[in-house]
Amino acid sequence: MFDADYQKGELMITRDDIVIRKAILHILDTDRGECILSSALLNPGPEMCDFIRNHIYKIISSDDTKKGEFDSEFSPIKSILQTWDESEDSSFIETSQAIANKLYAAMGEGLNIPAADLLFVTFQVEGEIYLALLKMNYKRNYNHDKMYRGNHTFVGLLKKRSLISETSRVPEAVIINLSDFSMRLLEKKYEVNGERVNYLSENF
């Protein structure tokens with residue numbers, strides 16, 4: 001479906017041809033046992049749209065991204081997507097919540113599968129509509145922390161969790177063509193039931 005520059009016929013597609021349609025963000029925090037599902041769409045401004053567009057393009061153009069297709073016998077995701085109405089906001093939100101719940105359950109089966117925020121986005125390229133599931137894994141970073149006591153200032157280090165930066169690449173993602181349900185997949189192996197597996201393609 002895609003190559004390094006994303007070709008459609010003989011037409012070369014750039015990141016500027018990616019038009020963001022709708023987006024919603026869910027919290028899949030398996031570290032704390034929290035699956036927090038948003039009930040409202042994001043209203044991204046130009047900077048947020050650029051952020052999302054850049055990450056989608058990085059996935060499309062990556063040599064690490066694999067082609068795939070649904071195994072309808074085992075995966076319920078295709079049937080969910082076949083019955084939704086992407087243009088209708090409530091259907092979009094409910095579908096994103098259902099898929100987020102299933103991803104959260106798959107993440108909970110594995111050892112050391114990172115907690116994450118799930119950015120559920122539809123975008124358009126040359127009249128074709130795609131769905132991007134961008135799993136933005138949490139990173140643990142140290143940041144300074146200031147405390148004041150009397151006339152003294154204390155500066156220490158505080159361990160915090162953060163999301164992906166603008167310059168890095170989303171480590172796990174699925175991009176689905178909603179017209180033929182072909183997909184591109186970027187994934188990593190984690191331990192599930194004593195074996196290292198590609199849990200996105202095999203369990204989700």
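Not measured: the values here are computed from a predicted model.
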Notebook entry, point to check: Does any non-hydrogen side-chain atom of I52 lie less than 4.5 Å from one of D50?
Noted result: no
Notebook entry, point to check: Do P114 and K135 have side-chain heavy atoms sitting under 4.5 Å apart?
Noted result: yes
Notebook entry, point to check: Hey, are the side chains of E128 and L178 touching, using non-hydrogen atoms and a 4.5 Å cut-off?
Noted result: no
Check: Going by heavy atoms in the side chains, are I59 and S62 under 4.5 Å from each other?
Finding: no
Note to self: I'd like to know if L37 and F204 are part of one continuous hydrophobic network [Ile/Leu/Val/Met/Phe/Trp/Tyr, side-chain heavy atoms within less than 4.5 Å].
What the structure shows: no
Note to self: I'd like to check M136 versus E172 (side-chain heavy atoms, cut-off strictly below 4.5 Å). Are they in contact?
What the structure shows: no
Next item on the list: Go through the steps for K22 and D89 under the test salt bridge (charged side-chain N to carboxylate O under 4.0 Å, His left out), then give the verdict.
Entry: CA-CA 9 Å; K22 295 181 181 180; D89 287 357; 2.8 Å; yes
Next item on the list: Say whether L42 and V121 are linked into one hydrophobic cluster, either directly or through other cluster members, by side-chain heavy-atom distances under 4.5 angstrom.
Entry: yes
Notebook entry, point to check: Heavy atoms, side chains only, cut-off 4.5 Å: are F123 and I129 in contact?
Noted result: no
Checklist line | side-chain contact (heavy atoms from CB on, under 4.5 Å), paired with M183, selected from L131, V174, L133 | finding: V174
Note to self: Assess whether a salt bridge exists between D71 and K78, defined as any Lys/Arg side-chain N lying under 4.0 Å from an Asp/Glu carboxylate O.
What the structure shows: no
Checklist line | Side-chain heavy-atom pair I24, I93 within 4.5 angstrom cut-off | finding: yes
Check: Linking I/L/V/M/F/W/Y whenever their side-chain heavy atoms sit closer than 4.5 Å, directly or via other members, would I176 and V19 fall into one cluster?
Finding: no
Next item on the list: For residues 22-41, pull every pair meeting ring-ring contact (aromatic ring centres under 6.0 Å, His included), keeping only residues two or more places apart or in separate chains.
Entry: none
Item checked: Note, Y104 side chain near I27 side chain (heavy atom, < 4.5 Å) -> no
